[in-house]
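In this text the structure is predicted, and so the values were computed from the model without any measurement.
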Amino acid sequence: MTEAPTTPGPQVRRKDPWKGLRGIQAGTLVMEAITVALSLLVIAKFDGITSTGAILVGALAVAMVVASGVQGKPWGVGLAVALQVLMIASGFVVFALGVLGVVFALVWGALLWLRQDLRRREAAHAAAS
């Protein structure tokens, strides 16, 4: 009697949840950069803007795009949070930036909670295995 050759079945690869979270964080930063850059037009039309305010808006938008590219680094989330703090603090120069900073800080608070929940779930999964 000959044995049938055993071929391994398809390997089920578990998707990396951290990769998805990093993508969400990077996407959030890009959307925030677009919002900040477009706010320059609105601020200029309704409130008027100084050259310092315009440079601040532009620098924040560029910094957010750059920060979106480093979300895979260990310090990437810290940079994103620091940008949120800077954006809220810039509300003293351009009030609308402070308002946008508070709104996006709430979004980042939800993302940080999601990150913590993912860590907790992975720890529970590892303990069960």
Listing request: all side chain to side chain donor-acceptor pair (under 3.5 Å) pairs with a residue in residues 74-91, at least two apart in sequence or in separate chains. E32-Q84
Flag the pair [X] / [Y] as yes when at least one side-chain heavy-atom distance between them is below 4.5 Å, and no otherwise.
{"X": "E122", "Y": "P17", "value": "yes"}
{"X": "V77", "Y": "L112", "value": "yes"}
{"X": "T28", "Y": "I24", "value": "yes"}
{"X": "T35", "Y": "F104", "value": "yes"}

At what distance, to the nearest 0.5 angstrom, does CH2 of W108 lie from CG of L114? 11.0 Å
CZ (R115) and CD (Q25) are apart, to the nearest 0.5 Å, by 6.5 Å
For the hydrophobic clusters of this structure (ILVMFWY residues joined by side-chain heavy atoms under 4.5 Å, transitively), does one cluster hold both [X] and [Y]?
{"X": "L86", "Y": "I49", "answer": "yes"}
{"X": "I43", "Y": "L60", "answer": "yes"}
{"X": "V94", "Y": "V42", "answer": "no"}
{"X": "L83", "Y": "L111", "answer": "yes"}

Other members of the hydrophobic cluster containing V30, with the 4.5 Å side-chain heavy-atom rule, please. I34, L38, L41
Looking at every non-hydrogen atom in both residues, tell me the closest pair between [X] and [Y] and how far apart they are.
{"X": "A37", "Y": "V57", "answer": "CA-CG1, 4.5 Å"}
{"X": "L40", "Y": "A54", "answer": "CD1-CA, 4.0 Å"}
{"X": "V93", "Y": "G53", "answer": "CG1-CA, 4.3 Å"}
{"X": "I88", "Y": "A105", "answer": "CD1-CB, 3.9 Å"}

Throw together a table of side-chain donor-acceptor distances under 3.5 angstrom for residues 65-73, partners on residues two or more places apart or in other chains.
{"from": "S68", "atom 1": "OG", "to": "V65", "atom 2": "O", "distance (Å)": "2.6"}
{"from": "Q71", "atom 1": "NE2", "to": "A67", "atom 2": "O", "distance (Å)": "3.0"}
{"from": "Q71", "atom 1": "NE2", "to": "G76", "atom 2": "O", "distance (Å)": "3.0"}

